[in-house]
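When a ligand or atom number is given, it counts from 1 through the structure's own listing order. Computed from a predicted model, the values in this text were never measured in an experiment.
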Amino acid sequence: MAAKHVAVLMGGWSAEREVSLRSGAACAAAAERAGYRVTRIDVTRDIAAVLTALKPDVALNVLHGRPGEDGALQGMLEILGIPYSHSGVLASSVAMQKDLAKPLLKAGGVPVPEGKVVSRHEAAKAHVLERPYVIKPIAEGSSVGVFIVTREHEHPPQELTRPDWAYGEQLLAERYIPGKELTCAVMGDKALGVIEIVPTVKFYDYEAKYAPGGSKHLLPAPVSSEIYEEARRLAVAAHRALACRGVTRADFRYDDSLPGTKGLVCLEVNTQPGMTETSLVPELAAHAGISFEQLVAWMIEDASLDR
Ligand SMILES: Nc1ncnc2c1ncn2[C@@H]1O[C@H](COP(=O)(O)OP(=O)(O)O)[C@@H](O)[C@H]1O
Ligand SMILES: [Mg+2]
């Protein structure tokens, strides 16, 4: 039998292009090691024509941000009839839109931070929530455009009024959840382990957090087994609440000053999590005894239409 022909879709034109290129290079190499025939594609606006000519058996979607993470690419693959990895059209678009995802998560029994949608000018004029709180874009990733407003900040972030503000007119304001940062991956309806992410650079003032290499991963996360298992249970509940497929990764905050599991809240579900060899999902898979090649092969075999 001829080897399955896999198109690895990477790059694109989102703010997360560079990470995606690294994820794509790692996945393409792993797919080759696993015995697949691989074509690497840096996605541009002629992607439909490229795929129509190429006729791959499967598209391994390793894009981050738009259009690979928001359902647009998934819709195109449905129309072209090319089976693809990760979540489908609806789950992808809802998960990316945090204001729409939160009520669905809540309805699925997954606690989320209280908050509201505000305009960026409203958020710049006066404090929109009691401090401390967070202002963040509705549909960005990688902590881009996130502001933590502490009690020490007399005024709201003035960066929001900049004419070159690129993260939308509407923003999400949320109660700031102190404590730890946890993340858990789900692979086909089963939770992997839980990592605690410890930032090695602090959120200074209104500076956004994103600094590559600015964090340390603790696996297994040093929390009680009650919290560890609850994070795993909630990650699966979140995956199901948004009707996700394939692999996802849920981000949590855990306020360890609260009793029991009360302090655990879900920030978001990532439908296209990072896939470099040192990313969180491959690290969680390895911890569960699944090699990077096995993880990538699993994604390829799990690919389908009508997701
Ligand atoms: N309500 C919150 N309380 C505390 N920290 C938050 C909150 N919302 C976001 N953050 C911080 O900002 C980071 C990015 O937020 P997140 O909602 O995961 O968006 P994204 O990863 O898509 O940029 C989180 O990992 C966390 O460190
Ligand atoms: Mg996140």
Side-chain angles (χ1 to χ4, degrees), residues 14-16 19-20 63-66 68-70 92-102 105-106 110-118 123 127-151 153 157 166-168 171-186 194-212 214-218 221 231 234-235 238-239 242 244 248-258 263-274 279-281 284:
S14 79
E16 295 166 281
V19 189
S20 170
L63 289 157
H64 308 310
R66 294 197 163 106
E69 192 163 347
D70 68 351
S92 299
S93 58
V94 170
M96 183 132 186
Q97 203 72 21
K98 293 190 176 96
D99 57 333
L100 299 181
K102 282 174 68 176
L105 291 172
K106 212 169 155 182
V110 180
V112 294
E114 298 137 42
K116 56 182 180 185
V117 175
V118 293
H127 291 300
V128 286
L129 290 177
E130 217 172 283
R131 288 168 288 174
Y133 65 95
V134 176
I135 297 279
K136 61 186 179 185
I138 287 175
E140 285 295 329
S142 299
S143 298
V144 173
V146 177
F147 296 99
I148 311 274
V149 183
T150 67
R151 290 203 176 80
H153 291 112
Y167 310 121
L171 302 168
L172 206 53
E174 280 181 353
R175 187 170 70 79
Y176 175 73
I177 316 286
K180 294 174 187 283
E181 182 109 3
L182 303 178
T183 196
C184 178
V186 174
V194 181
I195 287 178
E196 178 182 352
I197 303 166
V198 184
T200 47
V201 283
K202 260 189 92 86
F203 261 108
Y204 287 114
D205 222 34
Y206 286 139
E207 198 177 296
K209 181 178 81 167
Y210 192 51
S215 66
K216 198 169 71 187
H217 301 172
L218 307 179
L234 290 177
H239 181 98
L242 303 185
C244 293
T248 60
R249 203 194 79 226
D251 291 342
F252 296 93
R253 293 289 297 182
Y254 169 48
D255 181 352
D256 51 5
S257 72
L258 295 177
L264 195 59
V265 297
C266 180
L267 293 180
E268 62 159 347
V269 175
N270 298 291
T271 55
Q272 292 290 133
S279 294
L280 293 155
V281 169
L284 285 164

Asker: Is Asn270 close to ligand 1, meaning an N/O of one under 3.5 Å from an N/O of the other?
Answerer: no
Asker: Keeping the roles fixed (side chain from Lys116, backbone from Val128), state whether a donor-acceptor pair exists under 3.5 Å.
Answerer: yes
Asker: Glu268: which N/O/S atom is nearest the Mg ion (ligand 2)?
Answerer: OE2
Asker: State the atoms of ligand 1, each with its element, that fall below the 4.0 Å cut-off from a heavy-atom position in Lys98.
Answerer: 17 (O), 19 (O), 20 (P), 22 (O)
Asker: Are Thr183 and Arg249 close enough that a side-chain donor and a side-chain acceptor fall under 3.5 Å?
Answerer: yes
Asker: Using a 4.0 Å cut-off to any heavy atom of Asp251, which atoms of ligand 1 qualify?
Answerer: 18 (O)
Asker: Counting only heavy atoms, tell me which of Arg249, Glu16, Glu181 gets closest to atom 24 (C) of ligand 1.
Answerer: Glu181
Asker: Give the name of the N/O/S atom in Asp251 that lies closest to the Mg ion (ligand 2).
Answerer: OD2
Asker: Consider only side-chain N and O atoms of Ser20 and His64, and report whether a donor and an acceptor are under 3.5 Å apart.
Answerer: no
Asker: I want to confirm something. Looking only at heavy atoms, which of Glu114, Glu268, Arg175, Lys136 is nearest to atom 17 (O) of ligand 1?
Answerer: Lys136
Asker: Of all residues at least two apart in sequence or in a different chain, which pass the ring-ring contact (aromatic ring centres under 6.0 Å, His included) check with Tyr133?
Answerer: His127
Asker: With the threshold set at 4.0 Å, does a side-chain nitrogen-carboxylate oxygen contact exist between Glu174 and Lys102?
Answerer: yes
Asker: Would you mind checking if Arg253 and Asp255 are paired as a salt bridge, meaning a charged N to carboxylate O distance below 4.0 Å?
Answerer: no
Asker: Closest by any non-hydrogen atom to atom 11 (C) of ligand 1: pick that one out of Val146, Leu182, Ile177.
Answerer: Val146
